[in-house]
Asker: 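Can you keep this structure in mind? I'll have questions shortly.
Starting from 1, each residue takes its place in the sequence as its number.
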Amino acid sequence: MGPGSRGSGGLVRETLPIGLGVSLTAAAPASPGLRVEAAGGGRLLIRQAERIVLLARQGARHHGVRYARTGDYRSPLPPITAAAARRAQEASPDAAARAMRWTHRFADWLGAADQDGPLHRGRWTLAAGMPGWSVATHWDRLTRVDPDRGHVTWFGYGDPDDDVRDVLPMRRLAPAGHGRVRAWRRQARAGVLPPVLLWWVSGLQTLVLLDGHDRTVAALAEGGPPDVLVLAPTDQGADRMRHEIDGYVRRMRHLEAADVPAARLAVESRGLAEGAAEAVRAEGRTTAWPVRGGSREWERLAVRLAPGWDTGSRP
């Protein structure tokens, strides 16, 4: 699809610079089926239609967040068949074209997700690859440390190393020997494994895994991390982009006046492209709706859905 084209679900999309992904503009709904809700005292939950799929509470000093999965989550995307994965590979001349093909396919599915998806009125990015702040080695502990009730640390402060994670699965990961995972492992070895879908939730300061739990395990079992697409609300990054461009212009004027080699100019140009790319795909703040019934209702839900869960003390 070309710039400004309209796809499934009424989404208007534009291609991001240097093939990063797409910018999405959604006119509706005002409130999505999959959404974050908040109450006082750092209490959060993720609701999918009428199901509570995750409860969370931020630490008193904002060092991290405790969470409890309920087991009721389901992916907003339809199942991807092995045949569809092979067709996407065969129709793509290179890895970048394949990533863009999947990006548009996922955008179509998200636009049609209705009551199970996170899109709502506003601007979004759907970008290929992990954000620049992520740590590649954090993937290694994902299948080893995946409790239904756990803690994600943001800054360390004496928390266990296993609590430092960039990705939180929305349901328990299957073992590497599970039948579904074994099927995807064959696709991984053939080089046709589709990407997985991550969603930035700023209240958790974490990327949550929306689709591709079995593909994630398969990729890691075959030596990899998986290819990813990251869905995030658009950051108001105009000032950041302007700063990148202004700095580039100043450096180029200085270098041109000094008659530096063309190779140095090329390095500066690449630096601008990388800085602009980070600004374009920077994650914005996730909208949170109020929990109906406030803190008291959140506490009631925690007792019912996660009995015995330690949410941590918070003055």
Asker: Less than 4.0 angstrom from a charged side-chain N to a carboxylate O is my criterion; do R13 and D108 meet it?
Answerer: yes

Asker: Does a side-chain heavy-atom distance below 4.5 Å link T216 with T143?
Answerer: no

Asker: To the nearest 0.5 angstrom, please state how far the NE2 atom of H120 sits from the OG atom of S31.
Answerer: 8.5 Å

Asker: Using a 3.5 Å distance criterion without hydrogens, assess whether the side chain of R123 forms a donor-acceptor pair with backbone atoms of S23.
Answerer: no

Asker: Check the hydrophobic clustering (I, L, V, M, F, W, Y; side-chain heavy atoms under 4.5 Å; chains of links allowed) and say if W102 and L11 are grouped together.
Answerer: yes

Asker: Do any N or O atoms from the side chain of R43 and from the backbone of G40 form a donor-acceptor pair under 3.5 angstrom?
Answerer: yes

Asker: Taking the side chain as every heavy atom from C-beta outward, state whether V196 and L209 have any pair of such atoms under 4.5 Å apart.
Answerer: yes

Asker: Is it true that a side-chain atom of Y73 and a backbone atom of L210 form a donor plus acceptor pair closer than 3.5 Å?
Answerer: yes

Asker: After noting the C-alpha distance and the side-chain angles of T70 and D148, does the key distance pass the side-chain contact (heavy atoms from CB on, under 4.5 Å) rule?
Answerer: CA-CA 8 Å; T70 68; D148 284 332; over 6 Å; no

Asker: Checking the side chain of T206 only, and the main-chain atoms of V208 only, is there a donor and an acceptor separated by less than 3.5 Å?
Answerer: no

Asker: To the nearest 0.5 Å, what is the distance between CZ on R47 and CG on L55?
Answerer: 10.0 Å

Asker: Working to the nearest 0.5 angstrom, can you tell me the gap between E37 CD and W289 CH2?
Answerer: 9.0 Å

Asker: Quick one: closest heavy-atom pair of P225 and A219, and the distance?
Answerer: C-CB, 4.0 Å

Asker: Only one of D211, L229, L231 forms a side chain to side chain contact (heavy atoms under 4.5 Å, CB included) with L110, so which one is it?
Answerer: L231

Asker: Does the side chain of M130 come within less than 4.5 Å of L198's, by heavy atoms?
Answerer: yes

Asker: Quick one: does Q89's side chain get under 4.5 Å of Q187's, heavy atoms only?
Answerer: no

Asker: Nearest 0.5 Å please: distance from the CD atom of E222 over to the CZ atom of R186.
Answerer: 10.5 Å

Asker: Just checking R189: does its CZ atom have more than 12 heavy atoms from other residues, nucleotides or ligands closer to it than 6.0 angstrom?
Answerer: yes

Asker: Check R300 with E297, please: is the shortest side-chain N to carboxylate O separation under 4.0 Å?
Answerer: yes

Asker: CZ of R141: more than 12 outside heavy atoms within 6.0 angstrom?
Answerer: yes

Asker: Look at atom CZ of R149 and say whether more than 12 heavy atoms of other residues, nucleotides or ligands are closer to it than 6.0 Å.
Answerer: yes

Asker: Any chain of hydrophobic side-chain contacts (each under 4.5 Å) joining M170 to L204?
Answerer: yes

Asker: Can you tell if the side chain of T286 reaches within under 4.5 Å of the side chain of P233, non-hydrogen atoms only?
Answerer: yes

Asker: By ring-ring contact (aromatic ring centres under 6.0 Å, His included), which residues pair with H213, not counting sequence neighbours?
Answerer: none

Asker: Whether the Q48 and R74 side chains hold a donor-acceptor pair (N or O, under 3.5 Å, no angle test) is what I'd like checked.
Answerer: no

Asker: Among all residues two or more places apart in sequence or in another chain, which pass the ring-ring contact (aromatic ring centres under 6.0 Å, His included) test with W298?
Answerer: W309

Asker: Answer whether the closest heavy-atom distance between the side chains of S92 and D94 falls below 4.5 Å.
Answerer: no

Asker: Under 4.5 Å between side-chain heavy atoms, counting indirect links through other Ile/Leu/Val/Met/Phe/Trp/Tyr residues: same cluster for L173 and L220 or not?
Answerer: yes

Asker: Take atom CZ of R105 as the centre, draw a 6.0 Å sphere, and report whether it contains more than 12 heavy atoms from other residues, nucleotides or ligands.
Answerer: no

Asker: Over all heavy atoms of both residues, which pair between L54 and A56 is shortest? Give the atoms and the distance, please.
Answerer: CD2-CB, 3.9 Å

Asker: I'd like to check V135 versus V164 (side-chain heavy atoms, cut-off strictly below 4.5 Å). Are they in contact?
Answerer: no

Asker: Show the numbers, then the answer: is there a side-chain contact (heavy atoms from CB on, under 4.5 Å) between L34 and D116?
Answerer: CA-CA 5 Å; L34 181 64; D116 285 334; over 6 Å; no

Asker: Salt-bridge test for R215 and D227: reply yes if a basic N is under 4.0 Å from a carboxylate O, no otherwise.
Answerer: no

Asker: With a 4.5 Å cut-off on side-chain heavy-atom distances among I, L, V, M, F, W and Y, is there a chain of contacts connecting V201 to V65?
Answerer: yes

Asker: For the CG atom of D310 and the NE2 atom of H151, what is their distance to the nearest 0.5 Å?
Answerer: 10.5 Å

Asker: Fit a plane to each ring of W109 and F106, take the angle between them on a 0 to 90° scale, and name the class: parallel (under 30°), tilted (30 to 60°) or perpendicular (over 60°).
Answerer: tilted

Asker: One thing to verify: whether D146 and R69 come together as a salt bridge, which I'm taking to mean a side-chain N less than 4.0 angstrom from a carboxylate O.
Answerer: yes

Asker: If I take atom CD from residue Q205 and atom CD from residue E283, how far apart are they, to the nearest 0.5 angstrom?
Answerer: 9.5 Å

Asker: Test salt bridge (Lys or Arg N to Asp or Glu O under 4.0 Å) on D214 and R171; report intermediate values, then the result.
Answerer: CA-CA 10 Å; D214 293 335; R171 64 170 175 81; 3.7 Å; yes

Asker: Between W154 and H63, is the side-chain contact (heavy atoms from CB on, under 4.5 Å) condition met? List the steps.
Answerer: CA-CA 5 Å; W154 297 337; H63 292 173; 5.9 Å; no

Asker: Verify the neighbour count for atom CG of D162: are there more than 12 heavy atoms of other residues, nucleotides or ligands below 6.0 Å?
Answerer: yes

Asker: Under a single-linkage definition using a 4.5 Å side-chain heavy-atom cutoff for Ile, Leu, Val, Met, Phe, Trp and Tyr, are L305 and I46 assigned to the same hydrophobic cluster?
Answerer: no

Asker: Give me each pair satisfying ring-ring contact (aromatic ring centres under 6.0 Å, His included) with a member in residues 174-207, each pair once, sequence neighbours excluded.
Answerer: W133-W200

Asker: Under 3.5 Å, is there a donor-acceptor pair between the side chain of S202 and the main chain of R285?
Answerer: no

Asker: Starting from the C-alpha separation in whole Å, work towards a yes-or-no answer on side-chain contact (heavy atoms from CB on, under 4.5 Å) for T15 and M100.
Answerer: CA-CA 9 Å; T15 302; M100 187 58 73; 4.1 Å; yes

Asker: Are L207 and S134 close enough that some pair of their side-chain heavy atoms sits under 4.5 Å apart?
Answerer: no

Asker: Between the side chains of R66 and D163, is the shortest nitrogen-to-carboxylate-oxygen separation below 4.0 Å, so that they form an ion pair?
Answerer: no

